[in-house]
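Here the structure is a predicted model, which means the values were calculated and not measured.
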Amino acid sequence: MKRFNRFMKSPKTTVVAFGLAVALLLFSSIGGTRAALTYFSETYASRVQMSNIGVTLMEKSDKDEKAKEVSKRDYSDASNGVWSENTGKLLEGMLIKGEKLKPGKKYKEELSVQNTGDIDQYVRVNIYRYWVEGNKEGEDAEKIVNLDPELIELNLVNTSDQGGKWLVDEEASTKERTVLYYSQLLPAGSTTDVFTDTLEINEIIASKVTQEVTEKDGYKTIKTTYDYDGVRFCIEANVDAVQDHNAEDAIWSAWGRRVSVNDGILSLVDSQSQD
């Protein structure tokens, strides 16, 4: 709290950013799903406006008539540093009770971001895909780095190469992580276009095997292990928001990314052009 009070008295330029993270862990046997806020990070460069800034991750599955709130965090009282938070579950509507996930099947998974604050803002989304050990929970579940995250196919839509408003930051993206920026200023109360529409586990996982050959007494033994047997896949969607005031400097300070903003439209600056 002392640190926050010192921060509130800073005379520097206004910059504020915050984020929320929703993580999905789904057993390969599909015994259930769970998702929660995994962390929350604040990046301050100076004084925050005495306004309400908030962001919410929205989701729509086959069973939903309209998009529903998954997780949110709103800055409701700057003077006391109080956050309003609500954490839900991701992919609750994807499978019916007792249903098992079918590799190769596309499941509807529309994700978007809503500005639930009182000021206009720019938003960024980080999507992470990876595999973890299936017999461990929480922090004990280690990431399996030799399994292909691209077989977890969360399909992107409305990206700039499709004529949409979402910008894929190719410089920051990897096979495991995809970084997206919404190019439009998001007014208070408004929702972005969806940035995903389906989720599919590539059916090729059933044919991914490792063979171990041993010989003893003239006999050859071949042991076949299915690489994806008993593992779980994990998807994280981390959402950040930055106020529109001094947006270029705010984004550089909060996210370390050079952008240009002209007439409210955000574009990414190539690293070769960055300072």
Side-chain angles (χ1 to χ4, degrees), residues 20-39 56-71 87-113 125-159 166 173-178 180 194-211 224-239:
L20 59 86
V22 175
L24 160 72
L25 290 179
L26 185 59
F27 281 99
S28 57
S29 59
I30 310 307
T33 62
R34 64 184 180 90
L37 282 171
T38 56
Y39 72 86
T56 301
L57 180 65
M58 306 294 292
E59 176 194 40
K60 184 178 181 182
S61 67
D62 281 321
K63 297 180 180 179
D64 300 318
E65 294 183 2
K66 60 180 181 179
K68 63 183 181 182
E69 174 186 302
V70 181
S71 291
T87 304
K89 292 184 178 181
L90 194 66
L91 297 187
E92 276 194 309
M94 191 178 78
L95 302 176
I96 63 175
K97 187 176 181 179
E99 181 184 4
K100 292 185 176 182
L101 181 74
K102 296 179 180 179
K105 178 179 178 179
K106 294 183 184 294
Y107 296 89
K108 184 176 181 179
E109 182 62 13
E110 295 183 354
L111 296 176
S112 58
V113 178
V125 177
N126 286 273
I127 303 171
Y128 296 87
R129 303 170 296 168
Y130 53 91
W131 300 89
V132 298
E133 297 176 352
N135 59 347
K136 295 183 179 180
E137 291 289 336
E139 295 181 355
D140 293 331
E142 295 184 6
K143 185 185 301 184
I144 306 174
V145 296
N146 62 330
L147 297 184
D148 190 356
E150 292 187 328
L151 298 182
I152 307 167
E153 299 177 356
L154 189 61
N155 190 54
L156 299 179
V157 293
N158 294 320
T159 56
W166 285 100
S173 297
T174 64
K175 290 179 66 175
E176 181 179 309
R177 180 183 68 177
T178 301
L180 300 167
V194 298
F195 55 89
T196 68
D197 65 347
T198 60
L199 172 64
E200 175 186 0
I201 302 302
N202 195 308
E203 59 186 351
I204 199 174
I205 64 172
S207 62
K208 293 289 185 179
V209 299
T210 299
Q211 291 188 331
T224 300
T225 303
Y226 287 89
D227 297 342
Y228 292 83
D229 185 28
V231 302
R232 293 181 289 164
F233 72 86
C234 180
I235 294 176
E236 296 181 18
N238 303 341
V239 183

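Here CG of Leu154 is found 8.5 Å from OG1 of Thr178. Values are rounded to the nearest 0.5 Å. To the nearest 0.5 Å, the span separating CG on Asp229 from OG1 on Thr210 amounts to 11.5 Å. The CZ atom of Arg129 lies 7.0 Å from the CD1 atom of Ile152; values are rounded to the nearest 0.5 Å. With values rounded to the nearest 0.5 angstrom, Phe195 atom CZ is found 4.5 Å from Leu111 atom CG.
For Val157, the side-chain contact (heavy atoms from CB on, under 4.5 Å) partners at least two apart in sequence or on another chain are Asn155, Gln162, Val194, Asp197. Applying the salt bridge (charged side-chain N to carboxylate O under 4.0 Å, His left out) test to Lys108 and every residue at least two apart in sequence or in another chain returns nothing. In this structure, the side-chain contact (heavy atoms from CB on, under 4.5 Å) partners of Lys175, at least two apart in sequence or on a different chain, are Asp148, Pro149, Glu150. Partners of Thr174 according to the side-chain contact (heavy atoms from CB on, under 4.5 Å) rule, which considers only residues two or more places apart in sequence or in another chain, are Glu176, Arg177. For Tyr107, the side-chain contact (heavy atoms from CB on, under 4.5 Å) partners are Met94, Leu95, Glu99, Leu101, Lys102, Lys105, not counting sequence neighbours. Partners of Asn202 by side chain to side chain donor-acceptor pair (under 3.5 Å), not counting sequence neighbours, listed by chain and number: Glu153.
Just one residue in the list Asn146, Val145, Leu151 forms a side-chain contact (heavy atoms from CB on, under 4.5 Å) with Trp131, and that residue is Leu151. Evaluated for a side-chain hydrogen bond (donor to acceptor under 3.5 Å, both in side chains) with Tyr130, the options Arg232, Glu236, Lys143 yield exactly one hit, Glu236.
When all heavy atoms of Val125 and Val113 are compared, the pair lying nearest together is CG2-CG2, 3.8 Å. Shortest non-hydrogen contact noted between Ile127 and Thr196 is CD1-CG2, 4.4 Å. Scanning all heavy atoms of the two residues, the minimum distance from Glu69 to Thr56 falls at CG-CG2, 3.5 Å. For the pair Leu57 and Ala237, the tightest heavy-atom approach, listed with the atom from each and the gap, is CD2-CB, 4.0 Å. Heavy atoms only, all atoms of each residue included: Ala67 and Lys60 are closest at CA-CB, 3.9 Å. Pairing each heavy atom of Val70 with each of Glu59, the nearest pair is CG2-CB, 3.3 Å.
The shortest side-chain heavy-atom distance between Val132 and Ile144 does not fall under the 4.5 Å cut-off. Using a 4.5 Å heavy-atom threshold, the side chains of Leu180 and Leu156 count as touching.
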